[in-house]
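Below is one structure, written out as structure tokens; the observations come after it.
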Amino acid sequence: EARLQPVDAILCHLALVDLLLLLTRGVPQTMTVFGMRNLLDDTGCKVVIYTYRIARALSVCITCMLSVFQAVTVAPAAGPLLSRLKARLPQLLGPTFAALWFINMAVCIAAPFFSVAPRNGTVPPFTLNLGFCHVDFHDNLSYVLNGVAVSVRDFAFVGAMLASSGFILLLLHRHRRQVRAVRRTQGSTMETRAARTVLMLVILYA
């Protein structure tokens, strides 16, 4: 078709944030491991850490979004509400992407204020030492509040992903039972293979 399919749009967005994640964490970390020092100044650290935090959060959120989208797509239309939701899914992608960007930019807003270039000497307490940058929270309260905010967000989205994947597994199990009498072949069915794939992916990701 001329237009990008919804699942492909989600996968493209996921690829974009994963590429940002690789560029803002993988590349500087690798350069630091190979002995390069003073890669970034304070401003560079603030930009890189903020972008990294947003990209990492969006990677979790968009993976969850993909799982929920697939669950809604394969769910049987049990009523008018679900039927309308299925029909509107392509139109909801843009607002959902915008909302996820906005939420994660707000949750990660503290990161630039605490990010500095590495200093000579010992690393202060309550500091995340990334090698190429330090995230210095100054006190225990800031450290704990940041950890709680990030953890609540991550657990909420991973929990939604687990729930939607469990729903898909339930649908596959029901479908397999319904068509068992029709099929004469033995061995691994398409539903079983799909269920194994879903289960393996969600366990590895979680």
Side-chain angles (χ1 to χ4, degrees), residues 4-30 39-40 42-73 85 88-117 126-167 201-206:
L4 197 65
Q5 293 300 299
V7 169
D8 295 327
I10 297 172
L11 289 173
C12 287
H13 212 91
L14 183 61
L16 171 65
V17 297
D18 284 341
L19 181 61
L20 280 175
L21 192 59
L22 181 67
L23 292 174
T24 55
R25 181 67 186 268
V27 172
Q29 195 90 56
T30 303
L39 294 175
L40 301 166
D42 286 352
T43 303
C45 277
K46 292 179 188 303
V47 172
V48 167
I49 295 299
Y50 187 48
T51 308
Y52 159 70
R53 287 291 185 90
I54 294 171
R56 180 198 170 279
L58 283 170
S59 181
V60 176
C61 296
I62 294 173
T63 303
C64 169
M65 178 182 172
L66 177 62
S67 182
V68 171
F69 181 89
Q70 290 172 328
V72 173
T73 301
L85 179 60
R88 291 194 59 199
L89 277 180
Q91 288 78 36
L92 292 173
L93 287 184
T96 304
F97 285 138
L100 290 176
W101 275 92
F102 178 77
I103 289 169
N104 288 300
M105 287 174 73
V107 171
C108 301
I109 195 64
F113 296 104
F114 298 116
S115 302
V116 293
F126 312 116
T127 298
L128 299 178
N129 183 3
L130 303 177
F132 58 94
C133 288
H134 288 172
V135 184
D136 184 4
F137 290 100
H138 303 303
D139 57 51
N140 185 53
L141 180 61
S142 302
Y143 186 81
V144 170
L145 287 177
N146 177 76
V148 168
V150 171
S151 298
V152 167
R153 180 202 59 209
D154 286 355
F155 280 119
F157 281 97
V158 172
M161 185 183 69
L162 290 171
S164 59
S165 298
F167 178 70
L201 288 174
V202 75
I203 288 173
L204 285 174
Y205 193 86

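- With S142 contributing its side chain and H138 its backbone, the two residues share no donor-acceptor pair below 3.5 Å.
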Check your understanding: What's the verdict on side-chain contact (heavy atoms from CB on, under 4.5 Å) for T63 and M161, showing C-alpha distance, side-chain angles and the deciding distance?
Key -> CA-CA 8 Å; T63 303; M161 185 183 69; 3.7 Å; yes
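- Counting heavy atoms from C-beta outward, L23 and Y52 have side chains that stay 4.5 Å or more apart.
- With hydrogens and angles ignored, the 3.5 Å screen pairs a side-chain donor or acceptor of T51 with a backbone N or O of V47.
- Between the side chain of Y50 and the backbone N or O of A110, no donor-acceptor pair lies under 3.5 Å.
- Between P112 and I49 there is no side-chain heavy-atom pair separated by less than 4.5 Å.
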Exercise for review: Apply side-chain contact (heavy atoms from CB on, under 4.5 Å) to the pair W101 and I54, showing each step before the final yes or no.
Suggested key: CA-CA 8 Å; W101 275 92; I54 294 171; 3.8 Å; yes
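- Taking CG of L21 as the start and CG of L16 as the end, the distance is 11.0 Å to the nearest 0.5 Å.
- Taking all atoms of both residues into account, the shortest heavy-atom contact from T96 to L92 is OG1-O, 2.6 Å.
- Put simply, the side chain of Q29 never gets that close to the backbone of F132: no donor and acceptor are under 3.5 Å apart.
- To the nearest 0.5 Å, atom CD1 of residue I10 and atom CG of residue L89 are 8.5 Å apart.
- Shown here for P28 and L39, the closest heavy-atom pair between the two residues is O-CD1, 3.7 Å.
- Residues V68 and S164 form a side-chain contact, since some pair of their non-hydrogen atoms from C-beta on lies under 4.5 Å apart.
- Under a 3.5 Å cut-off, the side chain of S165 and the backbone N or O of L162 do not form any donor-acceptor pair.
- Here the side chains of D18 and L22 are not in contact, with every heavy-atom distance at 4.5 Å or above.
- Taking the side chain as every heavy atom from C-beta outward, P6 and P90 approach each other to under 4.5 Å.
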Review point. Could you walk me through whether L130 and R25 pass the side-chain contact (heavy atoms from CB on, under 4.5 Å) check?
Key: CA-CA 9 Å; L130 303 177; R25 181 67 186 268; 3.6 Å; yes
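- Under a 4.0 Å N-O distance rule, the pair D154/R56 qualifies as a salt bridge.
- Scanning both residues, N104 and L100, for their nearest heavy atoms gives ND2-O, 2.8 Å.
- Below 30°, between 30° and 60°, or above 60°: for Y143 and F126 the angle between ring planes is between 30° and 60°, a tilted geometry.
- Here CZ of F114 is found 10.5 Å from OG1 of T127. Values are rounded to the nearest 0.5 Å.
- Considering only heavy atoms from C-beta on, V158 stays 4.5 Å or farther from C64 through its side chain.
- For the pair L40 and C133, the minimum side-chain heavy-atom distance is below 4.5 Å.
- To the nearest 0.5 angstrom, H134 atom NE2 is 8.5 Å from C45 atom SG.
- Looking only at distances, a side-chain donor or acceptor of D42 sits under 3.5 Å from a matching main-chain atom of A117.
- A heavy-atom distance below 4.5 Å is found between the side chains of L93 and M65.
- F97 and H13 have parallel rings, their planes meeting at less than 30° on a 0 to 90° scale where 60° marks the start of perpendicular.
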